[in-house]
Every structure is written in structure tokens, then in C-alpha cells.
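Here's the structure we're looking at; comments come further down.
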Amino acid sequence: QVHLVESGGGLVQAGGSLRLACAASGHTFNGRVMGWFRQAPGKERIFVAAISWSGYSTFYADSVKGRFTISRDNAKNTVYLQMDSLKPEGTAVYYCASGLKLVGSISAYDYWGQGSQVTVSS
């Protein structure tokens with residue numbers, strides 16, 4: 001049973017943009033915090049951004065502040081990650097996740113998507 005499905009990944013040149021989307025089932029989306037994480041080859045999964053249920057509160061990793069924007073459309077059960085000014089170190093599998101607290105800790109999120117590959121060429 002699939003709860004979260006990411007889309008929108010791909011190959012982009014450094015300085016370019018991509019928008020990821022994550023479509024969720026109702027019980028994994030309604031009233032919940034949604035987050036984005038990424039995992040580069042050979043490295044741990046790390047926090048990127050999170051957004052509250054209302055959308056009024058957001059939280060970003062320092063490495064993406066000012067370049068990435070998280071948003072959500074509650075009518076469509078979808079959360080987005082707009083990524084601008086991408087850097088080669090942004091190459092990773094990007095995961096969306098659903099949780100109850102607006103924090104960057106992986107353990108706070110209990111539903112995860114399968115991931116979407118983003119590759120940034122230099």
C-alpha cells in the first residue's frame with residue numbers, strides 16, 4: 001500500500017531549477033507536517049525542509065535557505081519542493097515524509113515515499 005509518491009526529479013545543470021511533488025493519501029496528509037529529506041550516495045539521509053499543516057510555518061536546512069521553497073496544496077493532498085540555483089552537491093535521492101512535528105529529525109516522520117532522483121551536473 002503506497003502512501004506517498006514523489007515525482008519531478010531528473011537531471012539539471014548547476015544553477016538550474018526543478019520542482020518536486022509528493023502526492024499523499026488522505027491519512028498520511030491531513031493534519032500532518034510534511035517534510036523533504038535527501039540522501040546522497042554513501043551518505044546519511046538529511047533534512048531539507050518541512051511545512052506545517054496550515055502551510056503558514058516552514059523550516060529549512062541552512063544549506064538550502066533562500067534557494068528552496070516548500071509549499072503544499074491541501075485540496076490536492078500534495079506537497080511541493082521548488083529547488084532553484086541547484087548545486088552539484090544537491091545530487092541525491094529526495095524523499096518526502098509525513099509526521100506530526102515541524103522538526104528536522106528523521107525519527108519524527110513515520111510515513112515515507114520511495115524517493116526521486118535529482119542529479120545536478122557541474
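Proximity of R45 to W112: side-chain heavy atoms (C-beta onward) are separated by under 4.5 Å at one or more points. Residues P88 and Q13 form no side-chain contact, since every pair of their non-hydrogen atoms from C-beta on lies 4.5 Å or further apart. Within the 4.5 Å cutoff, the side chain of V33 has no heavy atoms near those of the K101 side chain.
Taking both residues in full, the closest heavy atoms of W36 and I70 are given as CD1-CD1, 3.6 Å, listed atom of the first, atom of the second, then distance. Considering all non-hydrogen atoms of both residues, V79 and S71 come closest at CG2-O, 3.1 Å.
Every residue meeting the salt bridge (Lys or Arg N to Asp or Glu O under 4.0 Å) condition with D110, not counting sequence neighbours, appears here in chain and number order: R32. For S122, there are no side-chain hydrogen bond (donor to acceptor under 3.5 Å, both in side chains) partners two or more places apart in sequence or in a different chain. Applying the ring-ring contact (aromatic ring centres under 6.0 Å, His included) criterion to Y111, with sequence neighbours excluded, gives H3, H27. Considering only residues two or more places apart in sequence or on other chains, Q82 meets the side-chain hydrogen bond (donor to acceptor under 3.5 Å, both in side chains) condition with D84. Partners of F59 under the ring-ring contact (aromatic ring centres under 6.0 Å, His included) rule, at least two apart in sequence or in another chain, are F47. The side-chain contact (heavy atoms from CB on, under 4.5 Å) search around K87 returns R67, E89, not counting sequence neighbours. Looking at residues two or more places apart in sequence or on another chain, you find a side-chain hydrogen bond (donor to acceptor under 3.5 Å, both in side chains) between T119 and Q117. Remark: K65 engages D62 in a salt bridge (Lys or Arg N to Asp or Glu O under 4.0 Å) (not counting sequence neighbours).
In the hydrophobic clustering, where aliphatic and aromatic side chains (Ile, Leu, Val, Met, Phe, Trp, Tyr) are joined below 4.5 Å either directly or transitively, Y56 stands alone. Chaining together hydrophobic side chains whose heavy atoms lie under 4.5 Å apart leaves L11 on its own.
Between the side chain of R72 and the backbone N or O of F29 there is at least one donor-acceptor pair closer than 3.5 Å. Within the 3.5 Å criterion, the main-chain N or O of Q114 finds a donor-acceptor partner in the side chain of E6.
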Query - Evaluation steps, side-chain contact (heavy atoms from CB on, under 4.5 Å), between V118 and L20 - result: CA-CA 9 Å; V118 172; L20 301 179; 4.0 Å; yes

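Sorted by first and then second residue, the ring pair (Phe, Tyr, Trp, His ring centres under 6.0 Å) pairs with a member in residues 70-110 read F37-Y109; sequence neighbours excluded. Residue pairs meeting the salt bridge (Lys or Arg N to Asp or Glu O under 4.0 Å) criterion with at least one member in residues 9-20, sequence neighbours excluded, do not occur.
For the side chain to side chain contact (heavy atoms under 4.5 Å, CB included) with L86, the lone residue among V12, T91, V64 that qualifies is V12.
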